[in-house]
Amino acid sequence: MADINLENADPGFRKELAQQPGGEKITACFTCRTCVASCPIAAVNDRFNPLRIIRMALYGLRKEVLESDFIWLCSSCYSCQERCPQGVNITEFMTLLKNMAVKEGHVPTGVKAQKEIIKDKGRIYSIDDFDNKKRNKIDLPSLPTTCEVVKVLFAE
Ligand code: SF4
Ligand code: SF4
């Protein structure tokens with residue numbers, strides 16, 4: 001990851017975040033790194049570090065955070081949030097950042113593709129006749145290949 005450059009920092013970003021659900025407590029972070037030690041994604045990918053994202057946000061690095069692809073690596077497992085001694089809602093903060101990124105049009109191609117699969121099939125892994133044949137061979141029932149209920153959620 002590139003070094004942090006504060007030249008174009010947005011001093012209002014911290015306040016903007018603190019006023020929204022998920023961002024209320026980020027200023028209470030005292031950099032204990034419990035969230036980093038608890039994070040299964042940080043354990044396998046050094047591009048992802050929840051504390052670093054929080055610090056970047058507090059420094060006002062709006063563009064670097066919202067236009068990044070690393071915020072999308074958070075799996076929303078809540079391990080960090082359950083353990084944070086300062087009660088920072090870290091998982092919800094990551095969701096807030098993702099929602100803000102979507103509103104500003106910064107969504108990685110892979111995430112957009114996943115959305116289309118969920119919208120069309122109701123699952124991230126689409127089930128087809130080949131999958132159902134394999135299931136039937138081991139006496140498992142067929143699964144539906146589409147999910148109309150999910151389509152309703154995406155209706156515009
Ligand atoms: S666990 Fe909480 S207080 Fe500790 S570094 Fe992470 S966000 Fe900050
Ligand atoms: S919720 Fe996200 S940041 Fe927190 S531990 Fe899980 S993957 Fe890491």
Side-chain angles (χ1 to χ4, degrees), residues 1-127 131 143-144 146-147 149-156:
M1 190 177 290
D3 289 340
I4 287 176
N5 180 353
L6 294 178
E7 247 172 49
N8 299 315
D10 173 356
F13 190 41
R14 158 197 297 239
K15 194 171 169 197
E16 184 183 346
L17 292 168
Q19 287 170 342
Q20 300 183 70
E24 310 94 328
K25 294 185 183 169
I26 54 167
T27 54
C29 170
F30 58 9
T31 66
C32 69
R33 299 184 61 84
T34 302
C35 52
V36 184
S38 308
C39 178
I41 306 299
V44 295
N45 189 334
D46 59 11
R47 292 186 62 240
F48 186 77
N49 180 322
L51 171 58
R52 185 178 171 99
I53 295 170
I54 291 169
R55 300 319 297 178
M56 287 174 75
L58 290 173
Y59 287 140
L61 297 170
R62 187 176 216 289
K63 183 176 157 64
E64 288 82 351
V65 171
L66 296 186
E67 295 185 19
S68 74
D69 56 358
F70 52 73
I71 57 174
W72 295 90
L73 295 175
C74 170
S75 65
S76 305
C77 71
Y78 283 85
S79 299
C80 54
Q81 187 163 318
E82 292 289 344
R83 296 182 175 116
C84 174
Q86 291 293 88
V88 180
N89 296 324
I90 308 161
T91 311
E92 271 126 41
F93 178 61
M94 296 298 164
T95 303
L96 168 63
L97 294 177
K98 289 176 199 166
N99 284 337
M100 290 175 79
V102 170
K103 277 187 194 154
E104 298 187 12
H106 307 301
V107 185
T109 308
V111 175
K112 279 186 199 159
Q114 286 179 349
K115 185 205 107 182
E116 289 306 316
I117 296 171
I118 292 172
K119 186 177 168 186
D120 190 38
K121 305 286 185 188
R123 297 182 177 82
I124 200 68
Y125 174 80
S126 59
I127 301 284
D131 296 302
L143 290 171
T146 59
C147 182
V149 176
V150 172
K151 284 184 183 156
V152 174
L153 297 174
F154 287 92
E156 290 172 11

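Order of appearance sets the numbers: ligands from 1, and atoms from 1 within every ligand. Keep in mind that what you see is a predicted model, and the values were worked out from it rather than measured. Basis for what follows: all heavy atoms, side chains included, without hydrogens, waters or symmetry-related copies.
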TODO: Select one of side chain, backbone, both or neither to describe which atoms of Arg83 lie under 4.0 Å from any atom of ligand 1, heavy atoms only.
DONE: neither
Which atoms of ligand 2 sit under 4.0 Å from any heavy atom of [X]?
| X | result |
| --- | --- |
| Ser75 | 2 (Fe), 7 (S) |
| Ile41 | 7 (S) |
| Tyr78 | 1 (S), 6 (Fe) |
| Cys39 | 5 (S), 7 (S), 8 (Fe) |

Measuring only between side-chain heavy atoms, which start at C-beta, is [X] closer than 4.5 Å to [Y]?
| X | Y | result |
| --- | --- | --- |
| Arg123 | Pro144 | yes |
| Leu143 | Asp131 | no |
| Thr146 | Asp120 | no |
| Cys32 | Gln86 | no |
| Tyr78 | Glu92 | yes |

Open item on the list: For Ala42, which part has a heavy atom under 4.0 Å from ligand 2: side chain, backbone, both, or neither?
Closed with: neither
Task: Phe48, portion touching ligand 2 at heavy-atom distance under 4.0 Å - done: side chain
Open item on the list: Heavy-atom contact check, 4.0 Å cutoff: does Ile90 meet ligand 2?
Closed with: no
Task: contact_flag Pro40 ligand 2 heavy-atom lt 4.0 Å - done: yes
Atoms of ligand 1 close to [X] [distance to a heavy atom under 4.0 angstrom, numbered from 1]:
| X | value |
| --- | --- |
| Leu51 | 5 (S) |
| Arg33 | 4 (Fe), 5 (S) |
| Cys32 | 1 (S), 3 (S), 4 (Fe), 5 (S) |
| Ile54 | 7 (S) |
| Gln86 | 3 (S) |

TODO: Count the heavy atoms belonging to other residues, nucleotides or ligands that lie under 6.0 Å from NZ of Lys15, then report whether that count exceeds 12.
DONE: no
- [ ] Show the numbers, then the answer: is there a side-chain contact (heavy atoms from CB on, under 4.5 Å) between Phe70 and Asn49?
- [x] CA-CA 9 Å; Phe70 52 73; Asn49 180 322; over 6 Å; no
Taking [atom] as the reference point, the nearest protein heavy atom with its distance:
| atom | result |
| --- | --- |
| atom 1 (S) of ligand 1 | Cys35 N, 3.3 Å |
| atom 6 (Fe) of ligand 2 | Cys77 SG, 2.3 Å |
| atom 4 (Fe) of ligand 2 | Cys80 SG, 2.2 Å |
| atom 2 (Fe) of ligand 2 | Cys74 SG, 2.4 Å |
| atom 8 (Fe) of ligand 1 | Cys29 SG, 2.4 Å |

- [ ] Assess whether side-chain contact (heavy atoms from CB on, under 4.5 Å) is satisfied between Met100 and Phe13, documenting all intermediate values.
- [x] CA-CA 12 Å; Met100 290 175 79; Phe13 190 41; 4.0 Å; yes
- [ ] Any chance you could measure Leu97, atom CG, to Met94, atom CE, to the nearest 0.5 Å?
- [x] 6.5 Å
Task: Presence of N, O or S from Cys84 under 2.8 Å of atom 6 (Fe) of ligand 1 - done: no
- [ ] Step by step, work out the side-chain contact (heavy atoms from CB on, under 4.5 Å) result for Glu24 and Val88.
- [x] CA-CA 8 Å; Glu24 310 94 328; Val88 180; over 6 Å; no
Task: Qualifying residue, where the test is side chain to side chain contact (heavy atoms under 4.5 Å, CB included) with Ile90 and the options are Cys35, Ser38, Cys29 - done: Cys35
- [ ] Take Cys74 and Lys98 through the test side-chain contact (heavy atoms from CB on, under 4.5 Å) and record every step on the way to the result.
- [x] CA-CA 10 Å; Cys74 170; Lys98 289 176 199 166; 4.0 Å; yes
